[in-house]
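Working notes for the structure below.
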Amino acid sequence: MFALRQQTALLAGASVTGPRGSTAARARSTARRPVRVSAVATEQIGKIRFDEVAAIDHKEGETHVVGSVGMSRVDYPDGTRVVRIKCEGLGDGLQLHWGCVLEGADEWSPPPQGTNSTGGINGAGDGIASRTNIGGASGATITFPPGVGEKIERIVGMVVKKNEPEDLWLHATVGDLVIPLTTPSATNVLKALSEGEASKSGSLYERFVRVNDTLGQATRAGPDGAAAVMATLRLSAIRQLPWYGGGNYQGTEMAGIQETVASRVADACKSAESGMARQLFRVALSTLPRGGGNGD
C-alpha cells in the first residue's frame, strides 16, 4: 500500500519519504514559523577628547595640602559629553566650585537645564557658580546629554575643601581648572588672544593670564595653535603690544603667573604631538622670564 502511495506521489511531482509526509512540506511549514531574535544591548564607545592632571600645593597657616586633580572629557557617538573629575591626595570633604563659559564670553554661567552629575549640582549662593561633591575614589562625573550645553566652550572651576572655620580654596598650580567642551581649534585660540588685546586689557599680567587659559587648547590644536601663542608672546616681548595698559597687578602675582606660563610652555615643548608645534613652543619659551620668587 505504501509503495502505491509513493508511486502515485512521484507521478504527481511530490517528494514523499514515508507515512509522516513530504520533506518539502515540512520545510515549507518550518519556513513559516516566526524566528525570535533577542536584542543585544551594545555599550557606546566614547572617545577621549581631553585628559590632564593639575597639581595642587596649597599652604594656608599651618595647613599644607598637596595632591592633584585629574580632569577628562569623553564624547560619545550620540552627542553625550561626560566630564570626570577625580582628586588624589587631597583628603575628604571636597567640592568642585565651577561654572560654564559660553562661546565668545568670559563670564561664568550656570549649567543649562538637563545637565546632571553623580556628585549633585547645587548653587553656590551667587546665582551663577555651582558646587559638586567630588570626594571618594571614583570622583564625580558631569554629563551633558545630546543637545544640552552645545554653546558651552569650557568648564572653569577650582577645588574647595570643607574646613572649619572657613573652607580652603585649593588653587591648582596652573591656575583655574579648565576643561574644554569644544573641539580644539587654533581659530578659537587666536580669537581669545586677539580679542583680549582689542578690549584694551593690555597689561602684561592679563596677557599672561590669557595665554595660560588658552595654552591647553593651543597644545591640542597643533602647529597653528602653537603659532598663535608664539606670535602673541613674541610681539609682547619686543613691546609691540602694551605692557601697562588696562590694569594693575602686584609683583607677586606677576611672578606667579610668569612661573606658571613658563613651566607649562616648557612642558608643551616636550609633549606636543607635532614636531612643528614643539619648535614653535620653544620659540615662545625663549621670550619668557623664569618667574617665581617674591616678585621683587
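Quick caveat, the model's predicted, so the values are computed rather than measured.
Under a cutoff of 6.0 Å and an axis angle of 45°, R73 and F50 do not form a cation-pi pair.
The aromatic ring centroids of W169 and H58 lie 6.0 Å or more from each other.
Interatomic distance, CG of L233 versus CG of L285, reported as 9.5 Å (0.5 Å rounding). Note that the CD1 atom of I155 and the SG atom of C100 stand 5.5 Å from one another [nearest 0.5 Å]. Remark: T287 OG1 to L235 CG distance equals 10.0 Å, nearest 0.5 Å. Rounding to the nearest 0.5 angstrom, the gap separating the OG1 atom in T214 from the CG atom in N188 is 10.5 Å.
Without hydrogens or angle criteria, S203 side chain to W243 main chain gives no donor-acceptor distance under 3.5 Å. A distance-only check finds a donor-acceptor pair linking the side chain of N212 to the backbone of V174 [under 3.5 Å]. A donor-acceptor contact shorter than 3.5 Å is absent between the side chain of S263 and the backbone of T260. A distance-only check finds a donor-acceptor pair linking the side chain of R278 to the backbone of A272 [under 3.5 Å]. No donor-acceptor distance shorter than 3.5 angstrom exists from the side chain of K161 to the backbone of G93, with no hydrogens or angles considered.
Look at E197 and R210 and you find a salt bridge, because one of the NZ, NE, NH1 or NH2 atoms lies within 4.0 Å of a carboxylate O, short of that distance. With respect to D75 and R81, no salt bridge is recorded, no charged nitrogen being found less than 4.0 Å from a carboxylate O. Classification of R220 and E52 as a salt-bridged pair holds, one side-chain N sitting under 4.0 Å from a carboxylate O.
Across T219 and A268, no two heavy atoms sit closer than the pair OG1-CB, 4.0 Å. Considering all non-hydrogen atoms of both residues, M254 and F208 come closest at SD-CD1, 3.8 Å.
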